[in-house]
Structure formats: C-alpha cells, structure tokens
Colleague: 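Just passing along the structure, written as structure tokens.
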Amino acid sequence: MDGNTDFSGVSDECTAEYILSNVAEVVERILTFVPTKSLLQIACVCRLWMNCARRVLRVQQKLTWVSASGPSNYDGHALCHSLAEEVENVYLLPKTVLVMVDSETFSGQDSCYKQKKARKTHHSPDSVEELNRLFPNGCDIMAIATPGVVLTPSGSHSGPPKEFQEGEAGYAIMFPRMEGVDIRPFHFCKRTISDSHLEEAGLVNNPDLRVVLLFGYEAYKPGAARFLNQVLEPLARSKALIAGGHVENVFSPERECCGRGSYGVVGLALSGPRIQGASVLLEQDVSSPKAAEATIRRLKAANLPERNTLGFMFACVGRGHNYYNNQRNVEADTFRKVFPNIPLFGFFGNGEIGCDRIVKEDYTLCDTDTDSLQHGYTTVMTLVHLG
C-alpha cells in the first residue's frame with residue numbers, strides 16, 4: 001500500500017473496503033484464519049481474493065484428521081456424522097483421504113450393514129456416497145473396513161490413542177497436496193495386476209518410492225496368497241518401507257474391475273525426497289507391556305522429526321487385550337509413552353505386512369524377502385514422516 005495514502009476524512013468503512021480490495025498482504029493474513037471450505041467460496045469474490053486464497057492453500061500443508069467412536073445417535077456411522085460437522089472447519093484442501101472404520105457396523109458397498117438384524121442400527125447403506133460428498137471433487141478417497149480400529153481423538157497430536165477391538169469407531173486422515181511428496185492410491189485385482197500397472201502406481205522402477213501402505217482383502221480366497229506375492233516380490237527388493245495388513249473389506253474406490261467377493265490389494269504409494277519412515281515388528285513372543293516398550297523404542301533409532309509424522313499400528317485380531325492378560329490399550333499406550341506428540345492410527349486385521357526397516361534421505365536399513373514381510377499374531381508399528 002502507498003505509504004502516502006491519506007485516509008483523513010474517510011470513514012472507517014471506506015478505509016476497510018479499500019484495504020480489503022487492494023492490499024494483498026492484509027487479505028492474505030486474514031484468510032489464514034478462514035477454514036478451507038469457506039476459503040474456496042471467498043476465492044470467487046474477486047481476482048485479488050482468488051490469488052490470496054491460492055497462496056494460503058499452498059502453504060496449508062499440515063496433516064489433519066477426524067476420528068469418532070460410537071455408538072452414533074444419528075443416521076449413519078459415527079465417523080460420517082463427525083466428518084459432516086468437522087470437515088467444514090479444516091484448514092487444508094484434501095488431496096488424498098485414508099478412511100478406516102470398523103467392519104462390525106459398517107460394510108460399505110458389498111452389503112449393507114452386517115449385523116442389521118442382530119442390532120437395531122439406523123445406519124444408511126449410502127455411506128460411501130455420503131463420504132464422497134463431503135470431500136472436494138478430484139479427491140482420492142481410500143475407505144476400508146477392518147475388524148478393529150486404532151485411532152487418536154480429533155484435534156490433538158498428543159491425545160491418547162485408543163484401541164477399539166469391538167464397537168463403532170473410525171477415522172479419516174486428510175493429506176493435502178504437499179511439495180516434494182507424491183501420494184498415489186492403487187488398487188489391483190487379478191484382472192488388473194501387471195508390470196505396467198505396478199509401474200503406473202509408482203511401485204516399481206521408481207527411485208523416489210519411500211513408503212507403501214498396503215492392504216489386502218478377501219485374503220482367505222484360493223489364489224489370494226499367490227496374488228499378494230506378485231505385489232510384494234518387487235517391493236521386497238526395493239528400498240521402500242512396506243507396512244499394512246489384511247482387512248475385511250474395501251468400499252472405496254469402487255471395484256469396477258472385479259466382482260463381489262474377489263480378492264485384491266489397495267494402498268498408498270508415497271514417493272519423494274522429503275519422506276522418511278521406520279517400522280518395527282512386535283513378534284509373537286512380545287506379550288508384556290515391558291517387552292512391547294522395548295520393541296517400540298527401537299523406532300527411536302530412526303531419529304525422525306515429530307512434526308508432520310504419523311504413527312501406524314497394524315495388529316492381529318488375536319492380540320490386543322487378549323494377548324496382554326486382559327490389559328487393554330497396551331500397545332497404543334506404549335506408543336504414546338515413547339512418542340507423546342505423534343498421533344497413532346491403524347487397525348486390528350487378519351494378518352500383518354511389514355518388517356524392521358528404516359528409510360531415510362539417502363539410505364535404507366534392512367533388506368528382506370517376501371516371506372519375511374507376512375506375519376500372524378504380530379503388530380507392525382510404523383512411523384511415516386512427510387517432510
């Protein structure tokens with residue numbers, strides 16, 4: 001603004017109108033306090049506001065999430081209701097969203113709600129469409145149902161994470177478009193698996209690949225194990241960190257290529273020089289809080305920054321309180337004790353994928369083979385830093 005501009009004799013209202021119409025620095029500062037959904041509407045007012053809104057969106061690269069546990073007093077899953085309320089107030093434009101919900105009350109596209117007759121639920125079978133409506137067009141949504149859910153409450157990186165081995169629970173992690181970070185969703189079934197599709201997803205011939213979150217479904221079907229090996233073999237030879245497990249159901253993206261009940265894998269391929277990761281495996285013989293803490297503390301060796309870092313816990317349904325003499329929340333509480341400022345998310349599933357591995361800027365610690373990536377009665381504890 002011209003330092004010699006004279007506002008004497010001009011009303012405060014006219015002065016404010018002039019500033020908001022001409023002074024980009026002031027407008028941009030104000031817009032940093034505006035939630036993203038309102039920011040997109042404000043961008044339509046004039047060219048100045050549109051340019052300021054774009055600059056604000058480019059710097060809003062902080063991860064955020066919404067989580068919920070039930071039972072819900074509204075139609076739909078508890079997470080859907082929380083998202084409908086809270087997504088209005090997030091300060092980023094989601095590019096990729098990872099959704100995890102319990103399979104006890106939510107089954108997505110394959111059927112309605114599994115225990116609809118056994119439990120008096122008032123959930124709508126249109127929850128997939130409901131999720132899609134909540135996020136911007138072009139946003140990649142990966143939505144998965146699992147036997148149990150691990151989540152950190154909304155609003156605080158240092159909130160205590162909770163393990164839900166039964167009951168209604170779920171979370172949605174929202175990743176913005178980030179400089180130096182490429183997140184590609186992928187989905188393969190027996191009809192679409194090929195070297196060219198693996199390369200297109202960034203899983204092979206990609207020197208920038210750092211982390212792969214991978215989830216298999218219908219893993220008990222004949223041929224599913226052999227199919228999974230087709231995906232894991234090239235990944236085992238890479239320098240990327242691989243973590244995930246077997247889930248109950250995938251309901252987004254829609255399975256247009258394969259029929260209901262077919263097996264397959266979905267996941268996120270994270271590439272870019274800013275990404276770092278580390279994981280440890282809590283073996284079958286880790287069955288006490290002390291042993292769990294000793295294993296999780298090994299993640300400290302990676303020395304990853306806490307800012308913009310997520311924790312993931314992929315555990316067997318046979319662990320949890322059943323594995324720790326009816327002590328609940330042992331592994332989640334232990335993670336928080338070691339990493340008090342990193343949020344933790346994950347699930348209890350039907351098999352785990354991962355190993356001890358550290359992926360830093362210029363090296364990977366630990367090579368492995370396909371067989372040592374798949375486990376049972378274990379927990380894969382993972383850190384992913386996004387720069």
Side-chain angles (χ1 to χ4, degrees), residues 67-71 77-79 100-107 113-115 118-119 144-153 159-171 213-220 224-225 228 243-250 279-299 311-339 342-356 372-383:
S67 57
S69 55
H77 194 276
L79 177 63
M100 294 274 181
V101 294
D102 68 284
S103 56
E104 180 184 358
T105 55
F106 195 113
S107 64
Y113 289 88
K114 287 189 173 182
Q115 299 188 2
R119 300 173 62 219
I144 294 169
T146 67
V149 173
V150 180
L151 59 81
T152 296
K162 297 293 182 184
E163 300 175 11
F164 292 89
Q165 291 184 264
E166 60 275 321
E168 193 165 332
Y171 60 84
L213 301 179
L214 188 146
F215 315 109
Y217 59 88
E218 305 288 353
Y220 59 90
L228 180 60
H246 296 289
V247 300
E248 197 77 20
N249 183 30
V250 173
S279 63
V280 293
L281 181 69
L282 280 70
E283 302 269 11
Q284 294 184 23
D285 59 357
V286 176
S287 57
S288 70
K290 184 177 180 179
E293 181 177 345
T295 303
I296 292 171
R297 281 197 179 277
R298 297 211 309 266
L299 287 170
F312 289 101
M313 170 182 160
F314 304 120
C316 177
V317 290
R319 290 184 70 89
H321 64 87
N322 299 315
Y323 222 69
Y324 291 98
N325 295 320
N326 287 323
Q327 287 182 265
R328 293 185 177 271
N329 226 64
V330 169
E331 293 178 353
D333 285 345
T334 302
F335 179 89
R336 183 174 184 245
K337 180 179 178 181
V338 179
F339 299 102
I342 297 179
L344 181 68
F345 303 93
F347 60 71
F348 290 91
N350 303 311
E352 304 78 62
I353 298 171
C355 64
D356 285 17
S372 63
L373 284 173
Q374 300 183 66
H375 314 278
Y377 292 100
T378 63
T379 297
V380 177
M381 201 69 79
T382 302
L383 295 176

Colleague: Ignoring hydrogens, what is the shortest heavy-atom contact between Phe347 and His246? Give both atom names and the distance.
Modeller: CE1-O, 4.3 Å

Colleague: Within the structure provided, determine whether Leu383 and Ile342 are in side-chain contact (heavy-atom separation under 4.5 Å).
Modeller: yes

Colleague: Can you name the nearest heavy-atom pair linking Val150 to Phe348, along with the distance?
Modeller: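 Taking Val150 first and Phe348 second, the nearest heavy atoms are CG2-CE1, 3.9 Å.
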
Colleague: Hey, could you give me the CZ/CG distance between Phe339 and Leu344, rounded to the nearest 0.5 Å?
Modeller: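 Separation between the atoms: 10.5 Å.
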
Colleague: How long is the straight-line distance from OG of Ser288 back to CG of Asn325, given to the nearest 0.5 Å?
Modeller: 9.5 Å

Colleague: Does any non-hydrogen side-chain atom of Glu352 lie less than 4.5 Å from one of Thr379?
Modeller: no

Colleague: Quick one: CG on Leu213 to CZ on Phe314, what's the gap to the nearest 0.5 Å?
Modeller: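 CZ of Phe314 is found 5.5 Å from CG of Leu213.
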
Colleague: For the OH atom on Tyr377, are there more than 12 heavy atoms of other groups (residues, nucleotides or ligands in this structure) within a distance under 6.0 Å?
Modeller: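 12 or below, so no.
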
Colleague: How about Ser69 and Lys162: do any of their side-chain heavy atoms sit closer than 4.5 Å?
Modeller: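 No, every pair of side-chain atoms sits at 4.5 Å or beyond.
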
Colleague: Sub-3.5 Å donor-acceptor pair from the side chain of Glu163 to the main-chain atoms of Glu331, do we have one?
Modeller: yes

Colleague: Rounded to the nearest 0.5 Å, how far does CZ of Arg319 lie from CD of Gln165?
Modeller: 10.5 Å

Colleague: So, does Glu168 use its side chain to make a donor-acceptor pair with the main chain of Ala78 at under 3.5 Å?
Modeller: yes

Colleague: Heavy atoms, side chains only, cut-off 4.5 Å: are Asn350 and Val317 in contact?
Modeller: yes

Colleague: If I take atom SG from residue Cys316 and atom CG from residue Asn322, how far apart are they, to the nearest 0.5 angstrom?
Modeller: 9.5 Å

Colleague: Check Glu104 against Gly167 and note the closest heavy-atom contact, atom names and distance.
Modeller: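 Minimum heavy-atom contact is OE1-N, 3.0 Å.
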
Colleague: Give me the ring orientation class for Phe312 and Phe345: parallel if the planes are under 30° apart, tilted from 30 to 60°, perpendicular past 60°.
Modeller: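 Geometry flag for Phe345 against Phe312: tilted rings.
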
Colleague: Mark yes or no for whether Gln284, through its side chain, and Gly376, through its backbone, hold a donor-acceptor pair below 3.5 Å.
Modeller: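 At least one qualifying donor-acceptor pair exists.
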
Colleague: So, does Ser67 use its side chain to make a donor-acceptor pair with the main chain of Thr152 at under 3.5 Å?
Modeller: yes

Colleague: Within the structure provided, determine whether Leu282 and Ile296 are in side-chain contact (heavy-atom separation under 4.5 Å).
Modeller: yes

Colleague: What closest approach, in Å, do Thr295 and Leu281 show between heavy atoms, and which atom pair accounts for it?
Modeller: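 Smallest heavy-atom distance, with atoms named: CG2-O, 3.6 Å.
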
Colleague: Using every non-hydrogen atom in the two residues, find where Ala243 and Val380 come nearest and quote the distance to one decimal.
Modeller: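 Minimum heavy-atom contact is CB-CG1, 4.1 Å.
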
Colleague: Can you tell me how far the CZ atom of Arg297 sits from the OG1 atom of Thr334, to the nearest 0.5 Å?
Modeller: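 Taking CZ in Arg297 and OG1 in Thr334, the distance rounds to 9.5 Å.
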
Colleague: Where is the tightest heavy-atom contact between His77 and Gly170, given as atom of each residue plus distance?
Modeller: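 So the two residues come closest at CE1-N, 4.2 Å.
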
Colleague: Within the structure provided, determine whether Phe335 and Met313 are in side-chain contact (heavy-atom separation under 4.5 Å).
Modeller: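 No - every pair of side-chain heavy atoms lies 4.5 Å or more apart.
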
Colleague: Are any side-chain N or O atoms of Thr378 and backbone N or O atoms of Glu283, one a donor and one an acceptor, separated by less than 3.5 Å?
Modeller: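 Looks like no, no N/O pair under 3.5 Å.
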
Colleague: With side chains defined as the heavy atoms from C-beta onward, is the minimum distance between Tyr171 and Val149 less than 4.5 Å?
Modeller: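 Counting from C-beta outward, Tyr171 and Val149 do come under 4.5 Å.
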
